[in-house]
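Not measured: the values here are computed from a predicted model. For the numbers below, each heavy atom of this structure counts, side chains included, while hydrogens, waters and symmetry mates do not.
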Amino acid sequence: MSRICELTGKGRQIGHNVSHANNKTKRVFLPNLQNVTLMSEKLDRSFKFRVSTHGLRSVEHNGGLDNWLLKQDNAKLSTRALKVKRELVKAVATAA
């Protein structure tokens with residue numbers, strides 16, 4: 001399973017370990033991914049996602065999953081998150 005956040009698209013980064021003697025060896029920085037269940041208020045359902053802690057803070061800052069998905073660009077979202085976003089847009093359109 002790839003180490004990519006399903007909401008923000010945040011993935012692994014490559015860098016160097018640098019010793020005291022300034023020797024550089026390759027290393028990988030992995031995002032802190034958590035399995036979380038987020039509740040959609042407009043759809044009245046919960047969804048399971050694999051989200052980075054940075055992404056989870058962003059979702060909470062924007063007022064929940066619904067607001068976050070409506071503001072987010074489709075290119076960064078995973079296929080599962082895109083499916084939820086499509087359902088959400090449809091539900092908002094019918095309610096208005």
Side-chain angles (χ1 to χ4, degrees):
M1 182 177 272
S2 63
R3 303 276 300 177
I4 296 176
C5 176
E6 290 189 87
L7 296 182
T8 61
K10 185 176 210 152
R12 68 183 202 151
Q13 293 182 328
I14 307 292
H16 287 98
N17 279 333
V18 180
S19 70
H20 184 68
N22 206 26
N23 297 330
K24 295 171 184 74
T25 56
K26 288 282 191 177
R27 65 157 295 178
V28 176
F29 296 92
L30 296 174
N32 184 7
L33 296 179
Q34 305 293 323
N35 293 318
V36 294
T37 302
L38 298 172
M39 184 70 182
S40 171
E41 295 169 0
K42 292 182 176 129
L43 296 176
D44 200 32
R45 287 179 48 199
S46 59
F47 299 95
K48 288 188 177 183
F49 290 112
R50 195 156 190 231
V51 183
S52 65
T53 52
H54 171 77
L56 193 57
R57 290 181 70 214
S58 298
V59 168
E60 293 299 320
H61 179 76
N62 281 297
L65 181 65
D66 298 340
N67 292 337
W68 168 258
L69 285 175
L70 292 175
K71 290 180 184 178
Q72 194 67 9
D73 185 31
N74 290 349
K76 290 184 180 180
L77 298 175
S78 69
T79 54
R80 289 184 346 156
L82 273 173
K83 185 177 176 185
V84 174
K85 183 177 179 177
R86 273 188 241 114
E87 287 180 40
L88 186 61
V89 168
K90 207 179 284 185
V92 168
T94 57

Is Ile4 linked to Leu82 within one hydrophobic cluster, defined over Ile, Leu, Val, Met, Phe, Trp and Tyr using a side-chain heavy-atom separation of less than 4.5 Å?
-> no

Working to the nearest 0.5 Å, report the span between CG of Leu77 and NZ of Lys83.
-> 15.0 Å

Please table the atom pairs, donor to acceptor, closer than 3.5 Å between any side-chain atom in residues 10-18 and protein atoms at least two apart or in another chain.
none

Nearest non-hydrogen partners of Cys5 and Ser52, listed with the distance = SG-N, 3.3 Å

Applying side chain to side chain donor-acceptor pair (under 3.5 Å) to Thr8 and not counting sequence neighbours gives none

Contacts table for residues 35-48: side-chain donor-acceptor under 3.5 angstrom, sequence neighbours left out:
| residue | atom | partner | partner atom | Å |
| --- | --- | --- | --- | --- |
| Ser40 | OG | Leu43 | N | 3.3 |
| Ser40 | OG | Asp66 | OD1 | 2.6 |
| Arg45 | NH1 | Glu87 | OE1 | 3.0 |

Listed partners of Asn74 passing side chain to side chain donor-acceptor pair (under 3.5 Å), at least two apart = Lys85

Measure from the side-chain N and O atoms of Glu6 to the backbone N and O of Arg50, and report whether any donor-acceptor pair falls under 3.5 Å.
-> yes

Per-pair distances, 0.1 Å, donor-acceptor, side chain in residues 53-65, under 3.5 Å, sequence neighbours excluded:
| residue | atom | partner | partner atom | Å |
| --- | --- | --- | --- | --- |
| Ser58 | OG | His54 | O | 3.0 |
| Asn62 | OD1 | Lys71 | NZ | 3.4 |
| Asn62 | ND2 | Ser58 | O | 3.0 |

Heavy-atom side-chain contact between Leu7 and Leu69 under 4.5 Å = yes

Let me check something: any side-chain donor-acceptor pairs from residues 21-33 under 3.5 Å, sequence neighbours excluded? List them with distances.
| residue | atom | partner | partner atom | Å |
| --- | --- | --- | --- | --- |
| Asn22 | OD1 | Lys24 | NZ | 3.4 |
| Asn32 | OD1 | Gln34 | NE2 | 2.8 |

